[in-house]
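Let me begin by presenting the structure, written as structure tokens, before commenting on it.
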Protein chains: 2
Amino acid sequence: MAGEATRAAILDAAERVFADRGFDGATMRSIAEAAGVNQGLIHYHFDSKERLYGEVFARRAGDINDRRIERLQWLFAEAQPGVPPLEKVIEALLRPTIELGRDPARGGRHYAKLLATAANATDLRSIRLIRRQYDGIAAQFIDAIRRVVPGISRADAVWGYLSAIGIAIPLMARTGRAAELSDGACDDEDVTSVLERTILFTCAGLRALGRTTDRDFRTHPQEAI
Amino acid sequence: MAGEATRAAILDAAERVFADRGFDGATMRSIAEAAGVNQGLIHYHFDSKERLYGEVFARRAGDINDRRIERLQWLFAEAQPGVPPLEKVIEALLRPTIELGRDPARGGRHYAKLLATAANATDLRSIRLIRRQYDGIAAQFIDAIRRVVPGISRADAVWGYLSAIGIAIPLMARTGRAAELSDGACDDEDVTSVLERTILFTCAGLRALGRTTDRDFRTHPQEAI
DNA sequence: GTCTATAGTTCGATAGAC
DNA sequence: GTCTATCGAACTATAGAC
């Protein structure tokens with residue numbers, strides 16, 4: 001059954017081309033060329049460009065989110081009857097994606113670029129796609145943050161979650177911007193170092209939100225800034 | 001001289017259409033229609049789609065960055081011989097963009113969406129464009145962070161700056177995701193509230209980076225996480 | 001399943017009247 | 001400056017042979 005291998009080759013090629021040029025910038029011709037097949041065959045396997053795009057996401061997102069949830073549930077199970085440290089929760093959220101973008105063996109690097117682009121894109125197609133794939137996991141981690149950070153409000157847990165994701169997204173894309181702005185002092189590629197700094201930064205931010213209630217903001221807006 | 005008004009109308013329309021559909025998704029036809037002019041006139045004023053895109057960015061980026069630098073220099077001048085609080089520095093960085101995206105009177109909302117999309121895009125066109133417009137300001141704020149956060153390394157200042165920007169970018173786009181994930185508890189549109197939380201979160205993260213040196217990371221990677 | 005060939009659109013850009 | 005009209009190229013998708 002050569003069909004499955006062909007499907008995978010097309011998905012790999014599409015992932016790479018979509019990552020480099022975006023949905024509208026990518027062409028079925030260039031994807032076909034990159035996959036070493038002809039254009040008609042892509043339509044045979046995936047119907048339309050739109051569906052192909054969706055399948056590229058679905059293939060990876062399921063895997064990553066499974067690993068995140070697995071880590072998260074294991075953390076809470078092991079910490080019974082207490083709760084795990086915040087650092088571990090944030091690590092469970094961020095490590096799978098950061099690692100995927102830096103895995104030299106697999107094509108995940110391209111998916112990481114693609115996801116980084118789509119996550120902040122404002123066109124309806126991207127927004128719907130991201131929501132479908134990632135809103136479920138967001139709810140679970142927001143809930144976990146609330147259980148682990150004492151005194152944090154629901155709203156602050158949501159803001160904190162979105163901040164963590166906001167920090168992590170450009171890291172996934174490995175733009176090399178940190179290395180550039182630091183004349184090489186920052187190493188984009190070092191998973192351990194990147195992850196440690198991100199976790200440190202994010203947890204400090206979340207705990208600060210937990211220490212400050214909403215009423216403080218509203219009552220003393222001038223002093224709060 | 002109706003030419004200038006026409007130019008502005010085309011730029012406004014292009015800003016809106018590019019923000020909604022991206023560079024490749026936007027068409028010269030749709031921009032012309034949105035501007036109330038014909039397609040040929042756009043080429044008369046801006047030569048090509050590529051140049052039009054560049055001019056849309058240049059028009060706003062200069063203005064925003066001027067306001068950021070103005071605030072920053074004023075802060076340091078006023079604090080002499082000391083330095084201003086970190087909170088003020090981060091506010092100077094973030095307020096102009098957050099406000100622009102929420103200004104109901106001007107078209108800045110569309111530019112904010114456009115910038116959010118381009119900032120994390122991985123195609124070469126977007127990367128070059130962002131670097132040209134924003135690398136200069138980045139260097140100045142990284143320098144300011146180093147002067148204001150005691151004990152922070154240059155690398156951590158760069159990571160911290162990029163984290164702050166990473167958090168702010170999705171806020172600019174006003175996707176409504178926070179409101180959605182919190183069942184309305186978070187208000188994306190409230191500039192004051194968004195800015196206060198972001199500043200609180202970011203400053204806590206930066207100070208945490210300042211307290212932890214690089215050597216700690218490398219020596220005890222297990223405990224650090 | 002995989003190919004070639006092409007239909008049917010839509011694109012960016014230009015020529016030329018006014 | 002602004003318009004109409006259109007060129008040539010590129011696009012997605014499909015039809016049909018093998």
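Lettering of chains follows the sequences in order, A, B, ..., and the numbering in each one begins at 1.
Looking at B:Asp12 and B:Arg59, a side-chain N of the basic residue comes within less than 4.0 Å of a carboxylate O on the acidic one, giving a salt bridge.
Residues satisfying the ring-ring contact (aromatic ring centres under 6.0 Å, His included) test with A:Tyr53, not counting sequence neighbours, are A:Phe18, A:Phe23, A:Phe57.
What separates CD1 of A:Ile42 from P of D:dA13 is a distance of 10 Å, to the nearest Å.
A side-chain N or O of A:Arg21 and one of A:Ser30 form a donor-acceptor pair less than 3.5 Å apart.
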- Which letter, B, S or -, goes with each nucleotide of nucleotides 2-18 of chain C from 5' to 3', with contact meaning a protein heavy atom under 4.0 Å? BBB------BBBB----
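B:Thr117 places a side-chain N or O within donor-acceptor distance of the main-chain N or O of B:Lys113, the cut-off being under 3.5 Å. Looking only at distances, a side-chain donor or acceptor of A:Thr122 sits under 3.5 Å from a matching main-chain atom of B:Ala19.
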